[in-house]
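Reading through the structure tokens given below for one structure.
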Amino acid sequence: MVSQIADGHYKYQVPIDAYGNGGFRFEDMSHIGSLLCLPSGMHKWAITNATQLDELDFTQIFERSDEIDVFLIGTGKDIAFIDESIREKFREHAIILEPMSTGAAVRTYNVLMAEKRAVSAGFIAIERAE
């Protein structure tokens, strides 16, 4: 039986087992909506479209910049442009920003997690897995 993530937060950063149907599965749990994966755990993320993104959406990442080398952003079904002001903020914090489709970002995230890399990610939920 799959349980729901409580209060939009799971206290460990873990690989993603599945995505699609508007959410994600990990650690025998289900999360509907977009997801932010940080050293502090898995958090709900109130983003539904990459065009909504602004610097404030990444505050938690910048606060933990000493723990993160790479931030992957799954921008939905397709890759989306990330505003230059956001890219500059990532450079200021010495974090590599890699935008890609959500499916590609989930796969890359899982590989980097397995390699014990300092990776974090933001995944915009999609309906159909790629």
Report yes or no: do Q52 and T48 form a side-chain donor-acceptor pair below 3.5 Å?
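The answer is yes; a qualifying pair exists.
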
For residues H31 and S34, is any side-chain donor paired with an opposing acceptor at under 3.5 Å?
no

In terms of hydrophobic clustering (I, L, V, M, F, W, Y; side-chain heavy atoms under 4.5 Å; direct or indirect links), are V70 and L35 co-clustered?
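Yes; tracing contacts between hydrophobic side chains, which count when under 4.5 Å, links both residues.
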
A side-chain contact here means heavy atoms from C-beta on lying under 4.5 Å apart; do [X] and [Y] qualify?
X    : Y   : value
E27  : Y10 : yes
R107 : Y19 : yes
E55  : S85 : yes
Y12  : M42 : no
S120 : Q13 : yes
F123 : C37 : yes

Separation of E127 CD from K77 NZ (nearest 0.5 Å):
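Answer for the NZ-CD pair, K77 versus E127, is 12.0 Å.
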
Around atom CG of N21, are there more than 12 heavy atoms of other residues, nucleotides or ligands at under 6.0 Å?
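Counting neighbours around CG of N21, 12 or fewer heavy atoms of other residues, nucleotides or ligands fall under 6.0 Å, so no.
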
Side chain to side chain contact (heavy atoms under 4.5 Å, CB included) between S40 and K11, worked out:
CA-CA 6 Å; S40 61; K11 62 183 176 177; over 6 Å; no

For A80 against P99, the heavy-atom pair lying closest together:
O-CB, 4.2 Å

List the atom of D54, the atom of D57, and the distance in Å for their closest heavy-atom pair.
N-OD2, 2.8 Å

Would you list the atom pairs, donor with acceptor, under 3.5 Å between side chains in residues 110-118 and any protein atom, with sequence neighbours excluded?
{"from": "N110", "atom 1": "OD1", "to": "I16", "atom 2": "N", "distance (Å)": "2.9"}
{"from": "N110", "atom 1": "ND2", "to": "I16", "atom 2": "O", "distance (Å)": "2.9"}

Counting only N and O atoms by type, is there a donor-acceptor contact under 3.5 Å from the side chain of [X] to the main-chain atoms of [Y]?
X    : Y    : value
T108 : A105 : no
S101 : D78  : no
T75  : M100 : yes

Hydrophobic cluster of I95, others only, ordered by chain and residue number, side-chain cut-off 4.5 Å
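I95 shares its hydrophobic cluster with L36, L38, W45, I47, L53, F58, I61, F62, I68, F71, I73, I82, I86, F90, L97, I124.
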
Any side chain to side chain donor-acceptor pair (under 3.5 Å) pairs touching residues 89-99, not counting sequence neighbours?
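Qualifying pairs: E84-R91, E88-R91.
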
